[in-house]
Amino acid sequence: LSHNNKDLGELIKPFSRNWKWFLASVLIAVILGILNIRYSVPEYEIMTKIQILDDQSSSSELDVFRDLNIMGGRGNKIEDEIELLNSRSNLIKIVRELGLNKKIIALGQIKNTELYRNTPFNVNFIAEDSIIHNSQSDFFITITSETAFQFSNEEDGPMQSVSFGKPVMTGVGEVIITPNILNIGSFQGKKYQVSVSPLATIAEIYQLKIDISVMGEMSNIIAISLNDPIIERGKDILNTLVSNYNQNAVDDKKAIADRTSSFINDRIKDIYGDLSSVDQSAEDFKSGRGIADITAQTNVNVNIGAANQQELQTASVQLDIASSMKDIIDTQDGYELLPSNIGLADASIASTTARYNELALERKRLLESSNEKNPIIVNLDQQLSGLKRSMKSSLNSVTNNLEMQVNSLSNQLSKINSRIYSVPKNERALRDITRQQQTTEQLYLYLLQKREESQITFASASPKSKIIDTAYLTSVFP
């Protein structure tokens, strides 16, 4: 035992001789830790939760009219919605709305503090937004009195005295500094840094800082979190992020509904003129010949031709719609939205139109923050051109088939009419007018119904997500 104690003593002896150094190291580490906690800028975690709503008719015009069996919907994919939420264009819009690219920083002896909302003064930029949103510049302000301040474009550069409300030249053009509080003189001697950065730069920073995760494998609830040194700013960013996401979804649906309504209204105007002309022809014919009711002599032949007539009417409606859609695509130069859910029975054209509109909307959104030479937009243009060619080919095939079908049905109807034409001349002539009247009226009523559907869609466009928790602070500790 004494031998073991002796070995332990020999082992500790070198350390015991330098105990002062060990103690000094511990004290220095503690002091450095305290200084780091005291003067480092803490960041707080902000979080919000939303539920992605199951939109079964995102590609169709109106879910309540599913009996038409046209352009079936496609549910939201959580992964796609996450990409949309954290997209660069969405973040650029948030930075612009909240003015995050313009910062006012209170300079201290050891620690600087960034201000948000409650700043002692306002900075009003005179230059165009396009210049400010793409500039990188800093300037410095020291408040000297209730009416004036000192200004410099460099932190340690020469200062010039400027009165509040007077323009002063900076790296982004002239600005006007105005007090934001009544007793600004109480901030005398305080020095501030005003920093302006490009929108895209700040957006990319927050794009990396925002974390979006799904709450469970089969869940439609996603959590969005952000670490930020300013709690209120973090809450504003997340709340605006969700608000813009929902508004974009509503705007997309309304844009498609508006384009469809415009297309239908144009067709209704044309059909209304035809219908009025046919109605007038029927009225003139009956009045001129004193005809009131002639059905007894044609009941048998009408029953025989009823089924054939119905098929001809349906094919005529389809041909008219397909031809109108084909004309729109042929005359369209760019990549504008196409009318959807207009009644074509061909499901492939309906699905291609929905995909085309989806890409066209994405292209339009990207062009708000980029240009047509952007590789992503070039890729979208290629996809849109391919979809347009596919729709042209499909519509050509459909119109050809429908024309053949209409011709065939017309030939069959002519054979049936040859028996009807054995009746007196008045009945035969009136029957021609009546058929034309029924076909035109059917198309007119059909378009009226589709217009009502489109207007209901426009009025009932809803967001794609439900807010479960608005942005909140997860912990009072950074």
Side-chain angles (χ1 to χ4, degrees), residues 41 43-44 46 48 85-107 112-143 149 151 153 155 162 164-181 184 187 190-210 224-248 251 365-366 368-370 470-471 473:
V41 178
E43 290 195 344
Y44 300 87
I46 315 298
T48 184
L85 271 167
N86 203 29
S87 64
R88 185 174 181 269
S89 59
N90 201 12
L91 267 298
I92 288 177
K93 186 176 180 181
I94 293 172
V95 173
R96 184 188 296 112
E97 288 181 9
L98 298 180
L100 301 179
N101 62 318
K102 293 169 282 191
K103 299 179 180 179
I104 298 178
I105 304 170
L107 302 180
N112 298 333
T113 304
E114 184 178 348
L115 306 180
Y116 182 71
R117 289 186 180 175
N118 299 322
T119 57
F121 55 86
N122 292 323
V123 182
N124 304 288
F125 294 87
I126 300 177
E128 297 288 339
D129 287 343
S130 58
I131 297 176
I132 300 172
H133 293 164
N134 293 282
S135 300
Q136 178 69 58
S137 180
D138 297 289
F139 54 90
F140 299 85
I141 291 174
T142 302
I143 298 175
F149 61 91
F151 170 84
N153 278 310
E155 184 173 6
V162 182
F164 285 113
K166 298 291 184 180
V168 60
M169 182 59 67
T170 70
V172 290
E174 289 188 332
V175 301
I176 296 178
I177 309 298
T178 56
N180 194 34
I181 54 177
I184 194 170
F187 290 85
K190 299 284 187 179
K191 188 173 183 179
Y192 299 90
Q193 175 184 352
V194 179
S195 178
V196 180
S197 302
L199 285 178
T201 301
I202 304 301
E204 289 167 0
I205 291 174
Y206 279 106
Q207 192 176 19
L208 296 174
K209 292 179 68 175
I210 291 175
I224 311 170
S225 62
L226 167 67
N227 291 328
D228 198 85
I230 303 177
I231 297 173
E232 290 303 318
R233 182 175 63 187
K235 290 181 179 180
D236 288 346
I237 291 173
L238 293 188
N239 287 333
T240 306
L241 178 72
V242 174
S243 176
N244 286 352
Y245 167 75
N246 283 333
Q247 188 59 45
N248 287 339
D251 291 343
R365 193 174 297 116
L366 288 174
E368 294 177 1
S369 59
S370 184
T470 55
L473 182 66

Atom of Ile46, atom of Leu238 and distance for their closest heavy-atom approach
O-CD1, 3.5 Å

Please report the shortest heavy-atom distance between Leu241 and Leu85, naming the atom on each side.
CD1-O, 3.0 Å

Looking only at atom types and distance, does a side-chain atom of Asn180 sit under 3.5 Å from a main-chain N or O of Asn122, one as donor and one as acceptor?
no

Sub-3.5 Å donor-acceptor pair from the side chain of Asn86 to the main-chain atoms of Gln207, do we have one?
yes

Rounded to the nearest 0.5 Å, the CG atom of Leu100 sits from the CD1 atom of Ile202 at a distance of 8.0 Å

For the atom pair CD (Glu232) and CG (Leu473), what is the distance rounded to the nearest 0.5 Å?
9.5 Å

Using the test salt bridge (Lys or Arg N to Asp or Glu O under 4.0 Å), find all partners of Glu97 that sit at least two apart in sequence or belong to another chain.
none

With the side chain counted from C-beta on, respond yes when Val194 and Lys102 share a heavy-atom pair under 4.5 Å apart, and no when they do not.
no

So, taking the atom named CG in Leu91 and the one named CZ in Arg96, what distance separates them when rounded to the nearest 0.5 Å?
12.0 Å

Correct closest heavy-atom pair for Gly171 and Asn153 would be N-OD1, 4.0 Å

Could you please spell out the steps behind the side chain to side chain contact (heavy atoms under 4.5 Å, CB included) verdict for Lys93 and Asn248?
CA-CA 11 Å; Lys93 186 176 180 181; Asn248 287 339; 3.8 Å; yes

Looking at side-chain heavy atoms only, is the closest gap between Phe139 and Val123 below 4.5 Å?
yes

Could you walk me through whether Arg117 and Asp236 pass the salt bridge (Lys or Arg N to Asp or Glu O under 4.0 Å) test, one step at a time?
CA-CA 11 Å; Arg117 289 186 180 175; Asp236 288 346; 2.6 Å; yes

Distance-minimising heavy-atom pair for Glu155 and Phe140
N-CE1, 3.1 Å

Would you kindly say whether Ser195 and Asp138 are connected by a side-chain donor-acceptor distance under 3.5 Å?
yes

For the backbone of Glu43 and the side chain of Asn227, can you confirm whether one donor and one acceptor N or O come within less than 3.5 Å of each other?
no

Are the side chains of Ile177 and Val162 in touch, meaning some heavy atoms are under 4.5 Å apart?
no

To the closest 0.5 Å, what do you measure between NZ (Lys235) and OG1 (Thr470)?
8.0 Å

Should Ile105 and Leu115 count as side-chain neighbours, where that means a heavy-atom distance under 4.5 Å?
no

CD1 (Ile237) and OG1 (Thr48) are apart, to the nearest 0.5 Å, by 13.0 Å

Set of salt bridge (Lys or Arg N to Asp or Glu O under 4.0 Å) partners for Asp228, sequence neighbours left out
Lys209, Arg233

Please check this pair: side chain of Asn124 against backbone of Ile176, looking for a donor-acceptor N/O pair closer than 3.5 Å.
yes

Do Ile131 and Phe125 make a side-chain contact, defined as non-hydrogen atoms from C-beta onward lying under 4.5 Å apart?
no

Would you give the length of the straight line joining atom CD1 of Ile141 to atom CD of Gln193, rounded to the nearest 0.5 angstrom?
10.5 Å

Compare every heavy atom of Ile126 with every heavy atom of Pro167, then report the nearest pair and how far apart it is.
CB-CD1, 4.5 Å

Taking every heavy atom of Ile210 against every heavy atom of Leu226, the minimum-distance pair comes out as CG1-CD1, 4.1 Å

In terms of ring plane angle, is the pair Phe187 and Tyr192 parallel, tilted or perpendicular, where the classes change at 30° and 60°?
tilted

